Structures are given as structure tokens and as C-alpha cells.
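Throughout, protein chains are lettered first and strands after them, A, B, ... in sequence-line order, and every chain is numbered starting at 1. Values in this document were obtained by computation on a predicted structure and should not be read as measured data.
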Number of protein chains: 2
Amino acid sequence: MINIMVADDHTMFVDGIDSILNKEDDMQVICKCYTGEEVLKQLKVVQPDIILLDINLPGITGIEVSKTVLAEYPEVKILAISMFNEESFVTEILNNGAQGYILKNTGRKELLDAIRTICGGKTYFSKDVTNTIMKSLMKKRMESKGSTKLIPKVSRREKEVLKLIVEEFTTQEIAKELFISLKTVESHRSSLLNKLNARNTAGLVRITMENKILEN
Amino acid sequence: MINIMVADDHTMFVDGIDSILNKEDDMQVICKCYTGEEVLKQLKVVQPDIILLDINLPGITGIEVSKTVLAEYPEVKILAISMFNEESFVTEILNNGAQGYILKNTGRKELLDAIRTICGGKTYFSKDVTNTIMKSLMKKRMESKGSTKLIPKVSRREKEVLKLIVEEFTTQEIAKELFISLKTVESHRSSLLNKLNARNTAGLVRITMENKILEN
DNA sequence: TGGCGATTAGGGGATTACCCCTAGAATCTC
DNA sequence: GAGATTCTAGGGGTAATCCCCTAATCGCCA
């Protein structure tokens, strides 16, 4: 038997979920909460297997609740529920302990499927959600590619020097490592400062990491 | 009519795909390739709407081919096909122009679905693949949370200094910006070097960005 | 209320990074 | 094979960082 806590500030929604779940033989709703505070309070009394948690709770948000649950009741699973198919919400809640994420317009069958999957120790994400994530993943990559174009090509040797700079080698150490003169390394350094439009080592490292210059 | 190019080094696989696709009224395989070189060569002659591209091609890999296609034939869609459900492969190919990713054990129906979805301008990822991605996404978040713990807490003022260092301010400029003495900034700098276990400015910046120290 | 970390500040010196300049040799490219 | 780019290297100087030390003041908290 799966013991379920439902947390959402919309009473009708909670009741709807309640009626759907209680029709199932292997599930029972043991607690209904309408605020984040209530969830944390009730958890000291009841032991649900899973919490159906609305992300946009008033007061303490679902994100905050999720953090606390992960820290204090790590055995309790969380299925995040939201109106919004927003990439930021999804990653944020995944970041903080949820095992799944579904939208509020999800059908009965998928809801039951999600609950059983998560209670079986796996993770569950609705198709809409995964699509959103994948798309935003692709977008981010594209954007990072786009901004890279502003940066002139860094030569093979310069990359080697740059790599060592990022790894905290001094100019002298780089010279020894690459079997070249100190002056040569300085020469590469100043080329890099120019090409990457940096003022100093700090900028060199930051720009390198922001644009993932060493990852090709 | 969807014009399809198939690229895989296993002849039997290519022929199998060919026979599946040619049974459909709205699809036709117009070109079969067995190496990456061949794909790039054929693209100068034929105009496919979509390429079914094996990632693990011998010689020029599917990744490389995908990069080139994205750059030179941006209107041509790519559906990546692979034996392996590896997170690194998937992100790499998404990174470089593919609109979809399916596994070789994918059934006929899903293959057709994927092709039609992508040619309709959308993206397609098989369920196995999205699961892998989501899991590795979660893992990474967890790991980054975990590794953060190794780093001693950086104080408020130190973070201010650190932020300016990352933004290429020199010690003198930081002193002016924060209305404190040069020696004070140097003091904070050396505390930071100690706390973050860095040898120099380069390390300071790298560790800061790797651990996202300034994002709180 | 004593201790601890954070913030402030300094002296003095060693090392490193940055800048301006030139310039030959190797390598790639058209 | 000519031209561009890269890799190499140096002289000479200034600015910045890093290191070792001390030390006063402040706030917090057990």
C-alpha cells in the first residue's frame, strides 16, 4: 500500500486527486496539506511514502519544502506538480530532491503511472516536461556556440599554454613543461590576452571557462 | 515526400532501414552512405530532408559529420542513431546539430514517428534516451552539491573581493571600489587563496567558477 | 566574557605577470 | 612559391601578485 500526502493550495485540486487515488487498491491519501508550513508540520506526525507537491505553494514554496524533505526525510519520495512547463522550475526542483515532475493537465492514468514508478525507486518525468528540458538544453548549447563566434580562433600551442594557465601553472612552469623559453610563453600569454580580450590572468581563466574554449 | 539519407557502416542495418522506409508512401531513401566521408561527398550532389546518422562511424565520426552539416547545410535535419545510450554521446550530438536521438533497438513504428516529427520541424528523443539524460542531469546536480562541501565558507566581504577579481579588477582597483586599503584587499586575497586551496589568481577564478561560489 | 572568525591595515621583500618593442624560423594556405 | 599565421625568443621596464609577518577592531555566540 502506497501512503500518499497531497500538498496544494487549491482545495478542489486536492480533492480531485484524493478521489482519483483512493479508487486504486494499492494507494491511499493519508494527509492533505494546503501550505508549505503544513507539510513540514504534518511530516512530524505522518509517514507518507510519497508527497505530491505543488511547486507554487504560497508562503514556503514547494522548492523550499523539497529541500527540507530531502535533508530531513530522505526516504520520502517527491513528485513535483506544476501548472507551468518552465525549464527553470523543473531543473530547480530536480536540483532539490524531487524524483519526478508532471504537469497539472496530466491525465489520471499518467498520474498513477508516475506515482507507482517513483515508489518503485525510479524517476518519472512527463513527456511534455522532458521535451521542454531537451529543448532548453539544446538552446543553451546553441547560445554558447553563438557567443563563441565573437572570439578569434585560439591556436594549438596557445591552447596548450592556456590549459596550463587555468591549471595554475606559472609562466616559468609552463616553459619547463612545454620545453620552450619563458619569453615564448609570455608571448603566447599576451596573444591570448589580446585574442580573448582579457586584461589579466583572471579574465583569461573566466573567459576560457565561460566559452569552454578548451573543450575542443 | 520526405527524402532520406541513411549513413551507417553496417550494410545490413542500412538495408533494413531502407526496406522499412520505402514501404511508407511519404518517404524514400535517396542515398545510402557507409562512411562519414561519403556523407559529406554525397551532400554536394543530393538534397535529403533528413539524415539518419550513426554516431559511431569509422573515420570521420557522426559527431564531426553533424558539425559540418549544421554549418554548411543547416536546412538538413539529422536524426542520430546509436547502439549506446550514453549521456556523453547524446549531449555531444545535441550540441552539434542533431534534432533527435534514437537507439538501434528502436522499433519500426517509433523510427517512422521520429522521422516525421523531426521533418515537421520538431525534435524527437526516444524515452530511453530522455531517461538517461534526466538521470545524469540529476546526478550532476547531486555531485556538484556534494563537492561544494569540501570548500570552507567564504565570507561576505571575501565574496565581494572574489567577484571583482573574477571581473578582472586589480587589487588597487578593488581597494578603490570597496573603499578599503590595498593591504586589506591583499589580506582577503591570501585568505581566499588559502580557503579555496589555490596557488594564484588563475586557480582562484577556476575554482570559483567550477564550484559556482558566487552564485549564492 | 573570553574566544573565534571577519575585517581592517601595515612593512618589506620575492616572485610573477604585463607591456612595448623586435625578429628569425617553421608551418600552413592560397 | 608568396603571403599569412604561428611558434619561437629576446631586451628592458613597470605593475601586480604573492608571501611572511604583526595587529587592532568589531561582532557573534557559547
End-to-end axis angle, where each axis spans five pairs of the helix from C:dT1-D:dA30 to C:dC30-D:dG1, to 10°
70°
Taking side chain to side chain donor-acceptor pair (under 3.5 Å) as the definition, give me every residue that meets it alongside A:N197, ordered by chain and number, with sequence neighbours left out.
none
Just how far is it from atom OG1 of A:T208 to atom CD1 of A:I213, taken to the nearest 0.5 Å?
4.5 Å
Sequence neighbours left out, what passes side chain to side chain donor-acceptor pair (under 3.5 Å) with B:R206? Give chain and number order.
A:E168, B:E210
Could you tell me which residues satisfy side chain to side chain contact (heavy atoms under 4.5 Å, CB included) with B:L40, sequence neighbours excluded, listed by chain and number?
B:I60, B:V65, B:T68
N-O pairing of A:E186 and A:R189 below 4.0 Å
no
What is the distance, rounded to the nearest whole Å, between atom CD of B:E168 and atom P of C:dC18?
10 Å
Within the sub-3.5 Å range, which N or O atoms of nucleotides 27-30 of chain C have a protein N or O partner, and how far apart are they?
none

Please list, chain by chain and in numerical order, all residues satisfying side chain to side chain contact (heavy atoms under 4.5 Å, CB included) with A:L193, sequence neighbours excluded.
A:A198, A:L204
Atom pair CG (B:L178) and NE2 (B:H188), whose distance is rounded to the nearest 0.5 Å
8.0 Å
Distance below 4.0 Å between A:H188 side-chain N/O and D:dT8 OP1 or OP2
yes
Sequence neighbours excluded, which residues qualify as side chain to side chain donor-acceptor pair (under 3.5 Å) partners of A:Q28?
A:N3
Measure CZ/B:R156 against P/C:dG5 and give the value in whole Å, please.
18 Å
Starting at NZ of B:K104, measure out to CG of B:D54 and round the result to the nearest 0.5 Å.
4.0 Å
Nucleotides 9-18 of chain D: protein proximity per nucleotide (B base, S sugar-phosphate only, - neither; heavy atom, under 4.0 Å):
BBBB---SBB
From CD of A:E160 across to C1' of D:dT6 the rounded distance in Å is 12 Å
For nucleotides 27-30 of chain D, which of its nitrogen or oxygen atoms have a protein nitrogen or oxygen under 3.5 Å away, and what is each distance?
none

Counterpart residues, salt bridge (Lys or Arg N to Asp or Glu O under 4.0 Å), relative to A:E160 (two or more places apart)
A:R156, A:R157
Return the value, rounded to whole Å, for the distance between atom CG of A:N194 and atom P of D:dT5.
14 Å
Applying salt bridge (Lys or Arg N to Asp or Glu O under 4.0 Å), name anything that partners A:K163, two or more places apart in sequence or on another chain.
A:E167
Whole-Å gap separating C1' (C:dA17) and CD1 (A:I174)
11 Å
What distance separates B:C31 SG from B:D18 CG, expressed to the nearest 0.5 Å?
11.0 Å
For C:dT7, take OP1 and OP2 only and decide whether either is under 4.0 Å from a side-chain N or O of B:K159.
no
Not counting sequence neighbours, which residues clear side chain to side chain donor-acceptor pair (under 3.5 Å) with B:E38? List them please.
none
